[in-house]
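A short worksheet on the structure shown next.
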There are 2 protein chains.
Amino acid sequence: MHHVNTLFMGSSRKARLYGGMDAEERRAERRLKLINAAVEVYGEVGYRGATVKAICEAAELTERYFYESFANSEALLIAAYNHVVGHLHDEMAAAANAAGHDAEQRLRAALTLYFTRLKQHPKPARVFLLEISGISAAVDAVKLDALRDFSDLLVPAIDAKRGDRNSTAALLSSGMVGAVITIALRWVSKQYPQTIEDVVAIAAGFCRVALTEAGKNRLRSV
Amino acid sequence: MHHVNTLFMGSSRKARLYGGMDAEERRAERRLKLINAAVEVYGEVGYRGATVKAICEAAELTERYFYESFANSEALLIAAYNHVVGHLHDEMAAAANAAGHDAEQRLRAALTLYFTRLKQHPKPARVFLLEISGISAAVDAVKLDALRDFSDLLVPAIDAKRGDRNSTAALLSSGMVGAVITIALRWVSKQYPQTIEDVVAIAAGFCRVALTEAGKNRLRSV
DNA sequence: ACGTTTTGACAATCTATCTTGTCAGATACC
DNA sequence: GGTATCTGACAAGATAGATTGTCAAAACGT
């Protein structure tokens, strides 16, 4: 995979430093620069319009470093998506926890953070909402995973029903996430005409369907 | 655009017949064959994996006829989408009308037809649900139009609020359609694990949010 | 039957991008 | 300062698919 240029060095010995960083650190930095550049470029011309060359220029790197960190464009898209989603998910979880134990309160806190970030950072929002769809089966799988995480975050009760055969919980979960994302998509693409409070209220309305249905099913199964 | 080979004929005179059809009819038939072939091929390899050549082979036509009817692949995708959506929309409207005047009854009738068709025809379903996303701005616009039509069909009350500035009705509409489509997407991609009745019930739950909210707003504004 | 139109097969061109390779110059270590 | 490593710019090859063009054979009208 990568050149082992420390062949005759002790394993504890660091590789030659450049700019104060060893080989690994430099590689990691370049990887991150490429991810951030990709988010920028996707935000401007879309994933499909983004060439390797353009992303490398935005990252101030040359093509060789692209292939050092990613096998192909798709791998970078996935990395960029996971990067964006990872941050968002962590922040939403923190916001929910800060809101206490009431499911409704936690939901509203998470949604408020979600829409706030979408408004603050339109380009990552675009990657998260738009670019990720319809690229390939592999990318779709990554997306599905992420959406399941969000669903569990918003309405943990749904998670409990997951084991059931032919469960309708998965459909509830899909519907909820689909509603929220589609609302977000429209809000973002129309350049945020409504207040965050209004958007959250509407999105919460759809989440409440899943919340109450999941609750119902739990009571019934006890 | 097209060759005018009737230059010296009276305008009522038909072009030479082939297979009992005049030039226009043959062109229309080829166009339709291409659309149907495209739906087939998209259903197998996706829009992105579908080459002009493959679609022409499936249609038993050669490339020249592709460019006779469509400027490029995107134009064919749009035509195929509109073809699929047109049928579906008409059928849903008929089902709703057959169900009478009660909004809830009409909603369930339309949804039942929707999910029934998705199960009967997986390949058009794929075009309608999946392939249409994330191709280009032009395609997205076509999709948005179609979704608005569906929203108006399911909950006409939303339509009434359309005029309002910064209206939240558009978001309600988006959320509802997003929920239904995402539910459909999952149901289709998991090969229909739940009964149609269950899926309709869950989808209707999300639509009811839009239904009651739209009703609320109407009362308030009277 | 004859000439014209239409068709089908396929070659040729064109374009765009990915991907790999080369090489001179810069940078760090000793 | 000398040497090994790393970097940036860019060329070159490879690939894939869209789009246009050619031509002979088939289908039609008269």
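Throughout, protein chains are lettered first and strands after them, A, B, ... in sequence-line order, and every chain is numbered starting at 1.
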With a 4.0 Å limit, can you tell me whether [X] has a side-chain N or O closer than that to the phosphate oxygens OP1/OP2 of [N]?
X        : N       : value
Tyr18(A) : dT27(C) : no
Arg64(A) : dT22(C) : no
Tyr65(A) : dT7(D)  : yes
Arg30(B) : dT7(C)  : yes

Rounded off to whole Å, could you give me the [atom1]-to-[atom2] distance for the [X] and [N] pair?
X        : N       : atom1 : atom2 : answer
Leu34(A) : dC18(C) : CG    : P     : 13 Å
Lys53(A) : dG8(D)  : NZ    : P     : 16 Å
Leu61(A) : dA9(D)  : CG    : P     : 10 Å
Phe66(B) : dT20(D) : CZ    : P     : 11 Å
Ile55(B) : dG17(D) : CD1   : P     : 12 Å
Glu57(B) : dG17(D) : CD    : P     : 12 Å
Glu68(B) : dT20(D) : CD    : C1'   : 15 Å
Phe70(A) : dC18(C) : CZ    : C1'   : 16 Å

Can you classify the ring geometry of [X] versus [Y] as parallel (below 30°), tilted (30 to 60°) or perpendicular (above 60°)?
X         : Y         : value
Phe128(A) : Tyr81(A)  : parallel
Tyr192(A) : Trp187(A) : perpendicular
His87(B)  : His83(B)  : perpendicular

**Request:** Could you pick out which residue, Gly20(B) or Val52(B), lies toward the 5' side of DNA chain D when each is mapped onto its nearest nucleotide?
**Result:**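 Here Val52(B) is the residue nearer the 5' end.
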**Message:** For Tyr67(B) and Gly19(B), find the nucleotide of DNA chain D closest to each by heavy atoms; which residue's nucleotide sits nearer the 5' end?
**Reply:**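 That would be Tyr67(B).
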**Message:** Whether the side chain of Arg16(B) and the base of dC28(D) hold a donor-acceptor pair under 3.5 Å is what I'd like checked.
**Reply:** yes
**Asked** Does any N or O in the side chain of Thr168(A) come within less than 3.5 Å of the main-chain N or O of Leu171(A), such that one atom is a donor and the other an acceptor?
**Response** no
**Prompt:** Quick one: does Gln194(A)'s side chain have a donor or acceptor within less than 3.5 Å of a partner on Val199(A)'s backbone?
**Reply:**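 No; zero donor-acceptor contacts below 3.5 Å.
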